Structure formats: structure tokens, C-alpha cells
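Remarks on the structure that follows.
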Amino acid sequence: KRRCTCIHAVLVIAITIFATILTCTVFHFRSRSQLPSTNQAFPEDFVWGAATSSYQIEGGTNDGGRGPSIWDTFCQESEENCNGDLGDVTDDHYHHWREDVQLMKELGLKAYRFSLSWSRILPTGMVNFKTGDDDTNIDGVNYEGVDFYSKLIDELLESNIIPFVTLYHWDLPQGLQDEYGGWEDRAIIDDFANYARVCFHFFGDRVKHWITINEGWTVAIHGYEEASNAPGLLGKDVGGTGDPYLVGHHLLLAHATAVKVFRQEGYENGGKSVIGISNSGDFRFPLHVESLDDQEAASRAIEFQLGWMTDPVYLGDYPMSMKRILGDRLPTFSSDEINLITGSVDFLGLNHYSSALASTPLNPPWWGGYWADQFVTLSDDPYWKKTAMGWNVAPEGAKGILLWIAKRYNNPNVYVTENGIACHETNFEQTIHDSERIDYLSGYIKGFGEAMAEGVNLKGYFAWSLFDNFEWQYGLSKRFGIVYVNYTTLERTPKDSALWYRRIIRSNGVEVFSSQ
């Protein structure tokens, strides 16, 4: 009898151990799809590119008639704001654009996504159109700035590189911030539309792919809630004066009004030119996949980020979860505004970097603000690695977020307009031989490819970033580039990841799957 009892005890222990291992295995492979067993190519017309933004790479802040932006002011106000760095020079692309395009050509890029500096084109942020104006005397236009971008666009086209142009990537003219508080005032809607009209007018004959706003979520939350980005305001629910939900509302209406200009004033070029918006889109897995509460928390977290800026342009209103939780703290669209904003994109730009696990908190948060509003606890899978930014490396989320978009918005055309990593680097050799970045990009491109294999309409992929650059509040301390930039000599050196990416482009993605 004692022998049977011992055997029984051993069996119980063995079963317990097996169950533990099984549970951990299931946890580790949470929603993780199987990679294709055979080589997989992307469509022949798939667009492979890399991305940058004006303030992060241009420099030349005092050259060519450019006016100041809120980022010039923010970085100058305190050494704590931007790691003690300034954007005055960065990569000095303003003076090295020709050699930079040559480098893009050598790397085989099919497209290049960059942004226009609003204050380089309209130094005060405003333009005054008058009857009888011709292209050489529009009041408020800085023609040196127009000429700079015109030459860049021509050089790209001569190199068979498609320009994808973003109108706004966070560098608001300081003049508009001073005049009426920038994105917190409705006046900015018309000023942005007029700025867009100027850009369409001067560049629309050559630029066929436009993006209005880059990451409205980041503008609102980091600029008007957390104070980590320009203009550096704390939200009114966390002790400050900023109103992130009002800012988000004005960003969306500015986008929609610019699209109205694009479509009604003939810049579609008979359907040959398209326009979209680029939105932040992290993915959230439920912490416990069988928990309905955690499933709802995961969905709610995505809705409070990606859905906030994307539901209105496809569905005509904010996510129901935001309307229910926020009540009258969330602005509403009038019937005319609903008509204006619904369908105001030809494609969605997705900026995707990371994922997290989501669960419902046990108790209501004692603090206020955006992160409390969504009522979600975020955590990490212990198997996920971390980037130098502290973000989770979770390539399975790349597939997850695209499938979420396809289901919610009736499978729209999507471009991944940003995806990349800041690596852990301690010396130059480690920076150049960036195997960590190759692993990251490879895993995420595979994830995006798997979503395409399931029918998602993904049209292109842009690595972030082409160059090491000014990483906003982190200054020059974080490097996302596939090309190394020496900030003293301004010498450019392609990293191993750049050479790897060139092979991926040449094979149209086949090498990503064949190397698994």
C-alpha cells in the first residue's frame, strides 16, 4: 500500500511538472503563428522603402529662410528636454541631400518616405492667398524651402525612387503655437489645409503618395499629456493644462480638411495620386487568452491608440469604448464633420514597433489621465527581448495588428510606414555589425508577410529609419538607422542591416523566409 502511495505521489508530481511546462509553452507561443515552410515572395509591385522625418535629419535650422518650430524651442528651453542635444545639425541632410539620395539608390530602395518642414515652407505657419498671385509671389511662402524640396523630389525620381511625402511629422511652426496655442485651437485646421494646398500646388505634379499626419496619437499624448515631446504640456487630468483629446480631434479634422483640398481641387490627378494618414499601432495580446475580461482589455487598449485616430477616417466616429469611458471629455463630430472625415483616406499608414500583454485591473486606478482612462494593465511576456528603448520585441504582433486592421476596417490598403529598432550599442563595431537589428527586422517582416498570406492588403514596407538621427526627447543618444551617421564628421556608413535590407529588396522578401 505504501508502494502504491509512493507511485501515486510520483505520478502526481510528474503530471504537475508536465502541466507547468505545457502552460509555459502555451504562454510563450501566445497567438504566435507558424512561419511558412516554403519560400514566400511578396507581390511584384510591393514597395520596399525606408523613412525619415524633417526635424530628425535635416539640420540647417537657421538656413534657407526656415522659421523656428516647436521642437527648436522645446530643446532650447531645457537640457533635460532632448538629452541636452539640439536639432540644429543632426545629419545635415539639408546640405547632403544629393549624396543621401545616391546612397538610397545604392541600397536599392524602391521608395523613400520623408516629411516636409512646415516652417521651412511657411516660416510663420501661415499663407495669405490673394487674387492674381502667381507661383513666385504668394505671401508667406519661403521659396528657398520650396526649391530645396523640389530638387530633392526631382533627384529621387531621376534615381527611380518613389517619394512618399508626409506633410506633418511633429515640427509645428512656433509662430502658430505663439499665435493661438497650436493644435489646441480650431484655427489650426484651416492653417494646416492652406499649408497642404501650398505643398500640393508645388509638388503634386511629381508626388503621387501623400501622408497628412504622422502619429497623431504621439502628438496628443506625448506633447499634451505627458510633456515629454514638444510643446511639453502636461494633461489637465494630471495636473497640467493640456487637452490631448481636443488635440487629437483637431488633428483629425485638419487631416480631413487637407484631404478635401486634395480631392476637390484636382490634386488626385485622375486617381493617379493617393493620400492617407500614418497612425501608431502597437498590438495587445490578452494576458490570459481564455479570459473575456483580458480579451476586452486588449481590444480596448488598441482602440485607445490605433482606433482613436483610425476609426473616424473609416467608420466616421471614435471607438465606442472611448465614448463610453470618456463621456463629454471626448469631443464630438458634427454631422458635417462626420461626412468630411468618413472615408478620408486612400490607404492607412501603420507605424508598428512593439506589443504588450493586456489585462483588466483588479481595482480602479487612483490617478487620472489617458493611461487611467483606458482601464488596462500592460505587462510583458518574459520570453520577449527588449530594445534599447525598453520596447518589447514581439514579431508575432506584426501579424496580429494587420489582421486586427483588416477585420475592423474591411481590409483597407495598408503601408507599414515605420518599423525599426534602437539597438543596444557600446562601441562603433557593435553599431556597424548590428545583428540585433537584422533579427528584429527579419522577424517583423516575416510577421507582416504572414498577414499578407492570409489576405491582408499590405502594399509596402518602410524601415525606420534610413539614417541614425535626432530621436526627439532622447536627442542623439538612440540610433534607429540602418545607416550610421558620425555626428561630428557627418560621414555616412551603411550598417550590416543596410546591406542585408538591400538583399531583401532584391529578392522581394524571399530571403527573409528562406533564411529561417
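Computed from a prediction, not measured in an experiment: that's the story for all the values here.
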Below 6.0 angstrom between ring centroids: does that apply to [X] and [Y]?
X	Y	result
W217	F304	no
Y112	F164	no
Y474	W472	no
H255	Y168	no
F467	F480	no
Y461	Y415	no
F333	H249	yes
Y353	W464	no
Y245	W308	yes

For the pair [X] and [Y], find out whether any cationic side-chain nitrogen is under 4.0 Å from an anionic carboxylate oxygen.
X	Y	value
D63	R120	no
E225	K236	no
R408	D311	yes
R502	E106	no
E265	K260	no
D45	K459	no
R492	D468	no
R186	E337	yes

Exercise for the section: Hey, could you give me the NE2/OG distance between H169 and S54, rounded to the nearest 0.5 Å? Expected result: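 The NE2 atom of H169 sits 8.0 Å away from the OG atom of S54.
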
Exercise for the section: Tell me yes or no: between the side chains of N419 and Y440, is some donor less than 3.5 Å from an acceptor? Expected result: yes

Does atom [atom1] of [X] have more than 12 heavy-atom neighbours from other groups under 6.0 Å away?
X	atom1	answer
K386	NZ	yes
E79	CD	no
K208	NZ	yes

Exercise for the section: Evaluate the criterion ring pair (Phe, Tyr, Trp, His ring centres under 6.0 Å) for residue pair Y267 and H201; output intermediate values, then yes/no. Expected result: CA-CA 8 Å; Y267 296 109; H201 175 75; 7.3 Å; no

Problem - Audit row: S69, L172, side chain to side chain contact (heavy atoms under 4.5 Å, CB included) steps and yes/no - result: CA-CA 5 Å; S69 78; L172 182 74; over 6 Å; no

Practice task
Let me know which of I432, N427, T431 forms a side-chain contact (heavy atoms from CB on, under 4.5 Å) with E429.
Solution key: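 Testing E429 for a side-chain contact (heavy atoms from CB on, under 4.5 Å) against I432, N427, T431 leaves exactly one candidate, N427.
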
Completion exercise
Test salt bridge (Lys or Arg N to Asp or Glu O under 4.0 Å), reference E155, set R206, R98, K105, output is R98

